[in-house]
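Beneath this line is the structure, given in structure tokens, with notes to follow.
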2 protein chains.
Amino acid sequence: MTGDELDDEIAALLQRADQRYTKGRRALVAALRAAGQPVTILQILDAADGLAQSSVYRNLAALEEAGVVTRVITNDEFARYELAERLTEHHHHLICSMCGDVFDFSLGARTEASLDKALHRVADDAGFTVEAHRLDLVGTCPRCD
Amino acid sequence: MTGDELDDEIAALLQRADQRYTKGRRALVAALRAAGQPVTILQILDAADGLAQSSVYRNLAALEEAGVVTRVITNDEFARYELAERLTEHHHHLICSMCGDVFDFSLGARTEASLDKALHRVADDAGFTVEAHRLDLVGTCPRCD
DNA sequence: CTGACATTGATAGCCATTCTCATTTAGGAG
DNA sequence: CTCCTAAATGAGAATGGCTATCAATGTCAG
Ligand SMILES: [Mn+2]
Ligand SMILES: [Mn+2]
Ligand SMILES: [Zn+2]
Ligand SMILES: [Zn+2]
């Protein structure tokens, strides 16, 4: 997906949610894109400057609501954000339990498919409606080893 | 694992961590065992009465440190706890995105094994040391549908 | 241009969790 | 059974990531 296509898709998503694609929101998207991995609010504020903390929180919430961005849950106390899978691709996370850093990884199509099948079976048995699955690998990153 | 075996194992884990198996901690373990699913601090306080909130927080931290208990990460703002897998068995979680409730499920040995293999391959490639994996199914529970 | 309304940003408030500390408890030595 | 000492307890204060507020600013249709 080129930068322009991405921007068009984001604009459409925001429009559908009655939200404007403002300067601050563009800056957020750019920061997330540049990071290439889930980042904390503090990291965003450090990287892209001129952003007000309160606006970052509010806009990330707005972007999440519109489906542009996803909040990534980890073990530490800081929320992390990344571009939503609809704008990138389905993937999973390596989480370093020492420094908290989060990296992306993907399973092969074959593994992913059989996992998905197993999960749908589980969900059916439990009477659950599946929205998504989340697979994290928790460990120690090379830098912390 | 019988109740006595469980208690012995817990006592050993606590001893190794220089912690006592006190009345309050026994009450916590009993509450987690009775619940049979990850529970919030509030749920613990409601179920087992006579426990001081501050002690529950402190003791859950101590039990986690000793490896008796695990903090379960979900989407909502409340921490949940369950007995550690070393005292039960490896499993995963169904998370209701409406009410926040969490339920256990297991994959078949075959699926789990091939997943584990794929994950170790990923970890090796990334230079990660694997501690654990976490697989959650997010959706809507029958009660909330 | 002008009104209506969304967005912004500084700041105050919220609340789950953690910290503090005086008091109580419990296990070991004698 | 005492002491003695260190761990544990519990009520309350403090912390800190996040959210709500609201006056000021920006945006766009008419
Ligand atoms: Mn990611
Ligand atoms: Mn569980
Ligand atoms: Zn690390
Ligand atoms: Zn539910």
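We name chains A, B, ... by the order of the sequence lines, and we start the count at 1 in each one.
To the nearest angstrom, P of D:dT27 lies 15 Å from CG of A:L14. Across the protein-nucleic acid pair, A:Q19 atom CD and D:dC28 atom C1' stand 16 Å apart, rounded to whole Å. One atom, CD of A:Q15, and another, P of C:dA6, lie 14 Å apart when rounded to the nearest Å. Straight-line distance from the CG atom of A:L60 to the P atom of C:dT7: 14 Å, rounded to whole Å. Straight-line distance from the OH atom of A:Y21 to the C1' atom of C:dA6: 17 Å, rounded to whole Å. Rounding to whole angstrom units, CG of residue B:L63 and P of D:dA7 are separated by 17 Å. Remark: C1' of C:dA6 and CD of A:E65 are 16 Å apart, rounded to the nearest angstrom. Straight-line distance from the CG atom of B:D76 to the P atom of D:dT19: 13 Å, rounded to whole Å.
For A:R26, the side-chain hydrogen bond (donor to acceptor under 3.5 Å, both in side chains) partners at least two apart in sequence or on another chain are A:D7. With sequence neighbours left out, A:D116 forms a side-chain hydrogen bond (donor to acceptor under 3.5 Å, both in side chains) with A:H133.
Each of A:V29, A:V69, A:L28, A:V68 was evaluated against A:N59; a single residue qualifies, A:L28, per the side-chain contact (heavy atoms from CB on, under 4.5 Å) test.
Atoms CE and CG, on B:M98 and B:D101 in that order, are 12.5 Å from each other to the nearest 0.5 Å.
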Q | Chi angles and distances behind the side-chain contact (heavy atoms from CB on, under 4.5 Å) call for B:E9, B:L87 | A | CA-CA 8 Å; B:E9 178 68 14; B:L87 300 171; 3.2 Å; yes
Q: Summarise how protein sits on nucleotides 8-19 of chain C as a single string, 5' to 3': B when a protein heavy atom is under 4.0 Å from the base, S for sugar-phosphate-only contact, - for no contact.
A: BBBB----SBBB
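Residues A:E82 and A:H91 have side chains that bring a donor and an acceptor to within less than 3.5 angstrom of each other.
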